[in-house]
Amino acid sequence: MCASRAVMDVAEQVAAGTATERERAVALHDYVREQVMFGFNQYFDAAPPTYTLACCRGHCNPKSRLLATLFRTAGLESHQHFVVIPKDILEGAIPASRYWMIPPELSHSYVEVKVEGEWYAIDSHIVDTPLLLAGQARLAREGRHLGYGLRIGSTNVWDGRSDAFSQFDEKMMIEDHGRVEDLEDYFLSERYRNHVLGLRFNTLFRLLGERGVAAINDHIDSVRQQTL
């Protein structure tokens with residue numbers, strides 16, 4: 001699939017100051033981590049990379065799709081890898097009035113990328129630093145392991161030499177769906193968990209529109225902006 005001009009521009013600009021493949025990979029990772037805040041947009045998992053870039057909001061799946069696209073645009077082999085995890089990781093990040101609607105199991109993706117001959121698995125790009133710090137402080141205060149879009153032990157720092165996760169942990173994994181190349185087909189499959197009462201979140205969020213999604217993002221912002 002050809003990258004859009006916006007994606008190509010970002011890949012070129014971010015990579016411009018790097019000297020090695022590893023530096024290029026880390027710079028792209030850090031760009032997505034901080035420039036696209038953890039949150040939601042009206043296209044949910046179906047958000048094209050260009051839209052995620054433009055609205056500067058995305059959760060695990062659109063941010064992973066964006067980063068994998070940027071990696072490939074910059075000449076790195078990369079894939080999106082889907083797993084199923086419990087919804088508990090989102091408790092506190094989603095308003096209680098909507099959290100009950102979320103199914104017990106969620107489809108989550110991380111990125112596989114090949115850097116200087118070695119493959120690494122990462123989702124450390126998903127949670128921006130302000131949310132990571134505020135969320136971990138809340139979890140510690142509340143004595144919880146999961147919530148606010150992260151977990152105790154999360155990291156959003158990646159050195160390009162190891163696996164790094166801000167959300168996923170193998171102990172959380174319910175199912176491993178492997179690399180997914182055809183996202184539309186996956187979203188229509190029985191393996192895909194992000195739906196409620198037969199309605200896929202991709203459709204639900206389109207019905208909500210950006211105005212409807214704003215309340216969720218405002219709630220996440222309130223967590224992000226509080227230092228406990």
Side-chain angles (χ1 to χ4, degrees), residues 4 6-7 10 32-69 80 82-110 123 125-132 134-135 138-139 146-151 156 166-168 180 183-226:
S4 72
V7 170
V10 167
V32 172
R33 182 190 67 202
E34 302 301 339
Q35 298 304 314
V36 181
M37 294 186 295
F38 179 81
F40 298 89
N41 64 58
Q42 66 174 330
Y43 292 100
F44 200 69
D45 287 343
T50 49
Y51 189 82
T52 303
L53 272 178
C55 73
C56 301
R57 292 273 188 175
H59 61 288
C60 58
N61 297 330
K63 288 192 73 169
S64 289
R65 181 180 182 182
L66 170 60
L67 183 57
T69 300
Q80 204 169 346
F82 277 82
V83 294
V84 177
I85 62 174
K87 78 172 189 176
D88 307 60
I89 197 163
L90 291 180
E91 185 174 358
I94 306 296
S97 61
R98 300 191 182 190
Y99 180 75
W100 69 271
M101 297 176 60
I102 301 174
E105 301 176 354
L106 296 173
S107 294
H108 169 82
S109 66
Y110 56 83
D123 77 2
H125 57 282
I126 294 170
V127 181
D128 55 274
T129 299
L131 180 60
L132 183 86
R138 281 176 172 258
L139 289 177
L146 292 173
Y148 302 108
L150 47 99
R151 56 180 171 76
N156 70 352
S166 62
Q167 293 191 322
F168 179 66
V180 173
L183 290 175
E184 301 233 348
D185 183 66
Y186 180 72
F187 296 153
L188 294 173
S189 74
E190 293 184 0
R191 297 185 298 163
Y192 182 63
R193 298 291 206 278
N194 297 344
H195 52 77
V196 60
L197 301 176
L199 185 66
R200 286 174 172 78
F201 285 170
N202 292 340
T203 301
L204 177 62
F205 274 67
R206 284 297 302 278
L207 294 173
L208 288 173
E210 289 296 353
R211 191 170 293 181
V213 176
I216 302 175
N217 289 328
D218 287 346
H219 179 81
I220 296 172
D221 284 343
S222 73
V223 174
R224 184 181 280 114
Q225 292 162 6
Q226 292 179 17

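Along the sequence shown, residues carry numbers from 1. Since this is a predicted model, take the numbers as computed values, not measurements.
- Among all heavy-atom pairs drawn from Val7 and Pro49, the shortest one is CG2-CB, 4.1 Å.
- Between the side chains of Tyr51 and Gln42, at least one donor N or O lies within less than 3.5 Å of an accepting N or O.
- A 4.5 Å side-chain heavy-atom check between Glu105 and Ile85 finds every atom pair outside the cut-off.
- Between Leu53 and Gln35, every side-chain heavy-atom pair lies at or beyond the 4.5 Å cut-off.
- In this structure, Lys63 and His125 have side chains that are in contact, with non-hydrogen atoms separated by less than 4.5 Å.
- Aromatic ring centres of Tyr43 and Phe205 lie farther apart than the 6.0 Å criterion allows.
- Taking the six-membered ring for Trp and thresholds of 30 and 60 degrees, Phe82 and Phe187 have ring planes more than 60 degrees apart, a perpendicular arrangement.
- Between Phe38 and Phe40, the ring planes lie perpendicular to each other; the angle is over 60°, past the 30° to 60° tilted range.
- Between the side chains of Asp123 and Ser64, no donor N or O sits under 3.5 Å from an acceptor N or O.
- Under the 3.5 Å distance criterion, the side-chain polar atoms of Arg151 are matched with a main-chain donor or acceptor of Phe168.
- In this structure, Asn156 contributes its side chain and Val127 its backbone to a donor-acceptor pair below 3.5 Å.
- Between His108 and Ile126, some side-chain heavy-atom pair lies under the 4.5 Å cut-off.
- Scanning all heavy atoms of the two residues, the minimum distance from Leu150 to Leu132 falls at CD2-CA, 3.7 Å.
- Partners of Asn217 by side-chain hydrogen bond (donor to acceptor under 3.5 Å, both in side chains), not counting sequence neighbours: none found.
- The residues Arg57 and Asp221 are annotated as salt-bridged, a charged nitrogen and a carboxylate oxygen being separated by less than 4.0 angstrom.
- Taking each heavy atom of Arg193 and Pro103 in turn, the nearest pair found is O-CG, 3.5 Å.
- Ion pair Asp45/Arg65 not flagged as a salt bridge, since none of the NZ, NE, NH1 or NH2 atoms sits closer than 4.0 Å to an Asp/Glu carboxylate oxygen.
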Run the numbers on Asn194 and Asn202 for side-chain hydrogen bond (donor to acceptor under 3.5 Å, both in side chains), then give the verdict.
CA-CA 8 Å; Asn194 297 344; Asn202 292 340; over 6 Å; no

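- By the salt bridge (Lys or Arg N to Asp or Glu O under 4.0 Å) test, Glu34 pairs with no residue at all, sequence neighbours left out.
- With no hydrogens or angles considered, a side-chain donor-acceptor pair links Ser109 and Gln80 at under 3.5 Å.
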